[in-house]
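Proteins come first, then strands; the chains are lettered A, B, ... in the order of their sequence lines, and each starts at number 1. Reckoned from all heavy atoms, side chains included, excluding hydrogens, waters and symmetry mates.
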There are 2 protein chains.
Amino acid sequence: MVTMPDRSPAPAGDFPLPAVDEQMCFALYAASRAVVNLYRPLLEPLGLTYPQYLVMMLLWERGECWVKDFGSVLQLDYGTLTPLLKRLEVRGLLHRGRDPRDERSVRVVLTDEGRRLRERAEGIPEAIGRVIDLPEEEFEATRLALRRLTANVLAGEARLHEDG
Amino acid sequence: MVTMPDRSPAPAGDFPLPAVDEQMCFALYAASRAVVNLYRPLLEPLGLTYPQYLVMMLLWERGECWVKDFGSVLQLDYGTLTPLLKRLEVRGLLHRGRDPRDERSVRVVLTDEGRRLRERAEGIPEAIGRVIDLPEEEFEATRLALRRLTANVLAGEARLHEDG
DNA sequence: CGCAATTACTTTGCGCGCAACGAATATTGG
DNA sequence: CCAATATTCGTTGCGCGCAAAGTAATTGCG
């Protein structure tokens, strides 16, 4: 890398592309990262990352899961889930084991320590809500709009794959 | 890892935690990843990842940038930007160089090849819009709701840091 | 002026996310 | 029953995203 001359190059011309910070995709990307960053200091005392917290919430809700359940609910693939679950197992929060009736499947169950961690996580959603501080109605409307958006995106993607 | 017995363990009890797939944070996380996945096949022919596309859009808009501009607009830190910009430089899409008037700052300018790439990217926003297929009004409302949400999150985060 | 604080960037380490490839088990069709 | 196919999971490689620590240049203050 070399030092550069002082002049400014000519701008790129007219702009058929919308400005980056006015596009839906960027609004989503920025909002998602901002919210995950909000969780970080609350999850750090529990020793959890945000995706690990999602996995633990599903386990707290169901008590047990198969790995493919995490995949279908959280939309994560095995390349992400396998090492993530291994780390949680090493930390003693869960056990993993093959289903004897179908040796392909891996069942995941909470340990007592994993169950106990739930109590320390109970205040998190409310704490997050206080910081975000949006009217309940607007908060709910935004959440539902995101679900419709995601559903449309996944449907559109499927449409592309089946014909063109 | 060992095979496991057949029985299901008892569920975790009552659920003061809302279900994972009904929380705002997960709606955001899922929507953001779904949309980025929608861009992937469109960006792959250009040899760009999604964050690289964001950087290029800002450059197409301004012609040149300082590294800290990417940081403030895209909310990315140097640990992400430095290697990303190096990869784009190796690909010949931009040049990086120290500002002779302030040797701390690094200026980033498009190469001719980087400018030419813009033409191949022009159809992307419209193609994405066709796949998402939401009424213009709802699309816009969701985008603005996300901007308000992000603004509130960042303001709330700042509030936590200044007093407690 | 001198020196502490600040700014702009780089580097390292770690945990995702995802594609691509591969392995093992289960299911289905002939 | 056997072969082809599908399902479930694992591994590898790469590019983010972020924290923490470090470097070099500039600014601000007494």
Side-chain angles (χ1 to χ4, degrees), chain A residues 1 3-4 26 29-41 43-44 47-56 65-72 74-91 96-108 157 161, chain B residues 1 3-4 26 29-41 43-44 47-56 65-72 74-91 96-108 157 161:
Chain A
M1 197 173 63
T3 60
M4 299 178 68
F26 177 70
Y29 174 77
S32 177
R33 283 191 305 120
V35 168
V36 169
N37 287 338
L38 210 51
Y39 277 83
R40 196 181 314 278
L43 293 175
E44 191 274 332
L48 293 178
T49 66
Y50 179 74
Q52 287 169 5
Y53 173 63
L54 295 180
V55 162
M56 291 303 292
C65 275
W66 278 264
V67 175
K68 69 171 171 148
D69 295 334
F70 296 113
S72 60
L74 306 180
Q75 299 290 325
L76 290 169
D77 75 357
Y78 294 106
T80 299
L81 287 169
T82 297
L84 187 155
L85 291 169
K86 278 186 179 177
R87 281 186 286 268
L88 293 178
E89 187 176 36
V90 167
R91 281 206 44 215
R96 300 182 312 134
R98 297 279 168 181
D99 181 344
R101 287 172 307 185
D102 184 344
E103 289 282 341
R104 295 170 303 179
S105 301
V106 170
R107 186 156 55 150
V108 178
E157 204 172 22
H161 285 306
Chain B
M1 198 172 62
T3 60
M4 298 179 71
F26 177 71
Y29 174 78
S32 177
R33 283 191 305 120
V35 168
V36 169
N37 286 339
L38 209 51
Y39 277 82
R40 195 181 314 277
L43 292 175
E44 191 274 331
L48 293 177
T49 65
Y50 179 72
Q52 288 168 5
Y53 173 63
L54 295 180
V55 162
M56 291 302 292
C65 274
W66 277 265
V67 174
K68 69 172 169 145
D69 295 333
F70 295 113
S72 59
L74 306 180
Q75 298 292 325
L76 290 169
D77 75 356
Y78 294 108
T80 300
L81 287 170
T82 297
L84 187 155
L85 291 169
K86 278 186 179 178
R87 281 186 285 270
L88 294 178
E89 186 176 37
V90 167
R91 282 206 43 216
R96 300 182 312 134
R98 297 280 171 180
D99 182 343
R101 286 172 308 185
D102 183 344
E103 289 281 342
R104 295 171 304 180
S105 300
V106 170
R107 186 154 56 149
V108 178
E157 205 171 22
H161 285 306

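With B:Ser32 contributing its side chain and B:Tyr29 its backbone, the two residues share no donor-acceptor pair below 3.5 Å. A distance-only check finds no donor-acceptor pair linking the side chain of A:Thr82 to the backbone of A:Gly79 [under 3.5 Å]. Under a 3.5 Å cut-off, the side chain of A:Arg91 and the backbone N or O of A:Gly47 do form a donor-acceptor pair. The main-chain N or O of B:Glu103 is found under 3.5 Å from a side-chain atom of B:Arg98 such that the two form a donor-acceptor pair.
The distance between atom CG of A:Leu85 and atom C1' of C:dC16, rounded to the nearest whole Å, is 13 Å. Per the geometry, CG belonging to B:Leu76 stands 14 Å off P belonging to C:dT10, to the nearest Å. Between A:Leu48 atom CG and C:dC16 atom C1' there is a gap of 14 Å when expressed in whole angstrom units. As a whole-Å value, the separation of A:Glu89 CD from D:dG10 P is 10 Å. Atom CG of A:Leu74 is separated from atom P of C:dC16 by 12 Å (rounded to the nearest Å). The OH-C1' distance, from A:Tyr39 to D:dC18, rounds to 19 Å in whole Å. Rounded to whole Å, the distance from CG on A:Leu81 to C1' on C:dG17 is 10 Å. A straight line from CG of B:Leu54 to C1' of D:dC16 spans 12 Å, rounded to a whole angstrom.
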**Asked** Given the rule in the side chain to side chain contact (heavy atoms under 4.5 Å, CB included) test, do B:Val36 and B:Arg40 qualify, once you have shown the distances and angles that lead to the verdict?
**Response** CA-CA 6 Å; B:Val36 169; B:Arg40 195 181 314 277; 4.2 Å; yes

**Request:** I would like to know whether A:Phe70 and A:Val108 meet side chain to side chain contact (heavy atoms under 4.5 Å, CB included); could you show each step before the answer?
**Result:** CA-CA 10 Å; A:Phe70 296 113; A:Val108 178; 4.0 Å; yes

**Message:** Please evaluate residues B:Arg33 and A:Leu76 with respect to the criterion side chain to side chain contact (heavy atoms under 4.5 Å, CB included), reporting the C-alpha separation (whole Å), side-chain torsions for both, the decisive distance (0.1 Å), and the verdict.
**Reply:** CA-CA 10 Å; B:Arg33 283 191 305 120; A:Leu76 290 169; 3.5 Å; yes

Between the protein and nucleotides 25-27 of chain C, which nitrogen or oxygen pairs come in under 3.5 angstrom?
{"from": "C:dA26", "atom 1": "OP1", "to": "A:Glu103", "atom 2": "N", "distance (Å)": "3.0"}
{"from": "C:dA26", "atom 1": "O4'", "to": "A:Arg104", "atom 2": "NE", "distance (Å)": "3.4"}

Between the protein and nucleotides 11-15 of chain C, are there any N/O to N/O pairs under 3.5 Å, and if so, what are the atom names and distances?
{"from": "C:dT11", "atom 1": "OP2", "to": "B:Lys86", "atom 2": "NZ", "distance (Å)": "2.6"}

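Rounding to the nearest 0.5 Å gives a distance of 7.0 Å between CZ of B:Arg101 and CZ of B:Arg107.
Taking side-chain N and O atoms only, B:Tyr29 has a distance below 4.0 Å to OP1 or OP2 of C:dG17. One finds no side-chain N or O of B:Arg98 lying less than 4.0 angstrom from the OP1 or OP2 phosphate oxygen of D:dT23. OP1 or OP2 of D:dC18 lies within a sub-4.0 Å distance of a side-chain N or O belonging to A:Asn37.
Position along DNA chain D of the nearest nucleotide to A:Val67 versus B:Asp77 favours A:Val67 as the more 5'-ward residue.
Nucleic acid contact class of A:Phe70 (heavy atoms, under 4.0 Å, all strands): none.
Relative ring orientation between B:Tyr53 and B:Tyr39 is described as tilted, the plane-to-plane angle lying within the 30° to 60° band.
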